[in-house]
Amino acid sequence: MKTKLEKVEAELKQNGEESLGSLLSYYTDLGYSAGLIAEIFEVSGHTVRKWFKHFGLQWRKFPLQKLKVNTPTG
C-alpha cells in the first residue's frame, strides 16, 4: 500500500512536474499556509505538515493577507 506522499510524488513524476519538496517550497514562498497547500493537494493539514518535516522545510502557519478569502459574516 502506497502512502499519500508516494502517491503524490508518483503522480507528479508521471505528469513530468517538479518534485513535491520543490512545490512545497514554491507555494510557501508565494505565501500559502500549510492549510491552503493541503487544499491544493486534497489532503489534510496534518499530512502536509508531515511532508514539510520529511523534506526538512519550514511552513507558514497563516497565509499572506492577499491570499485570504474574505467572506461576509452575519
Side-chain angles (χ1 to χ4, degrees):
M1 177 181 275
K2 289 186 175 182
T3 65
K4 290 179 185 177
L5 176 63
E6 292 169 340
K7 287 179 184 177
V8 170
E9 285 184 328
E11 185 176 323
L12 290 173
K13 186 176 180 180
Q14 182 181 14
N15 293 336
E17 297 181 27
E18 298 181 42
S19 70
L20 182 58
S22 63
L23 284 177
L24 292 174
S25 294
Y26 174 74
Y27 284 121
T28 302
D29 291 342
L30 288 178
Y32 285 72
S33 65
L36 289 176
I37 294 171
E39 290 178 17
I40 292 170
F41 289 105
E42 298 177 352
V43 295
S44 70
H46 178 73
T47 299
V48 169
R49 288 188 296 276
K50 285 173 55 177
W51 291 351
F52 274 100
K53 289 178 185 176
H54 174 77
F55 291 108
L57 301 171
Q58 293 279 333
W59 66 86
R60 289 181 173 272
K61 188 172 183 179
F62 302 104
L64 292 179
Q65 189 65 32
K66 66 181 181 181
L67 296 174
K68 290 185 179 180
V69 177
N70 295 327
T71 55
T73 58

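As the structure is a computational prediction, the values presented were derived from the model and not from experiment.
Within the model, atoms CZ of R49 and OG of S44 stand 7.5 Å from one another, a figure rounded to the nearest 0.5 Å. Rounding to the nearest 0.5 Å places NZ of K13 at 9.5 Å from CD of E9. Atom CG of L20 and atom CD of E11 lie 11.0 Å apart (nearest 0.5 Å). Note that NZ of K61 and CH2 of W59 are 10.5 Å apart. Values are rounded to the nearest 0.5 Å. To the nearest 0.5 Å, atom OG1 of residue T47 and atom CD1 of residue I37 are 13.0 Å apart. In this structure, CD in Q58 is found 9.5 Å from CZ in F52, a value given to the nearest 0.5 Å.
Remark: Y26 OH is loosely packed, at most 12 non-hydrogen atoms of other residues, nucleotides or ligands lying under 6.0 Å away. Counting non-hydrogen atoms of other residues, nucleotides and ligands closer than 6.0 Å to CD of E17 gives a total above 12.
Note on ring orientation: taking the six-membered ring where Trp is involved, the planes of Y27 and F41 are perpendicular (angle over 60°, cut-offs 30° and 60°).
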**OP:** Please report the C-alpha distance between W51 and V43 in whole Å, then the side-chain angles of each, then the deciding distance to 0.1 Å, and finally whether the side chain to side chain contact (heavy atoms under 4.5 Å, CB included) criterion is met.
**Re:** CA-CA 11 Å; W51 291 351; V43 295; 4.0 Å; yes

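Annotation: side chain of L57 is not in contact with side chain of T28 (no heavy-atom distance under 4.5 Å).
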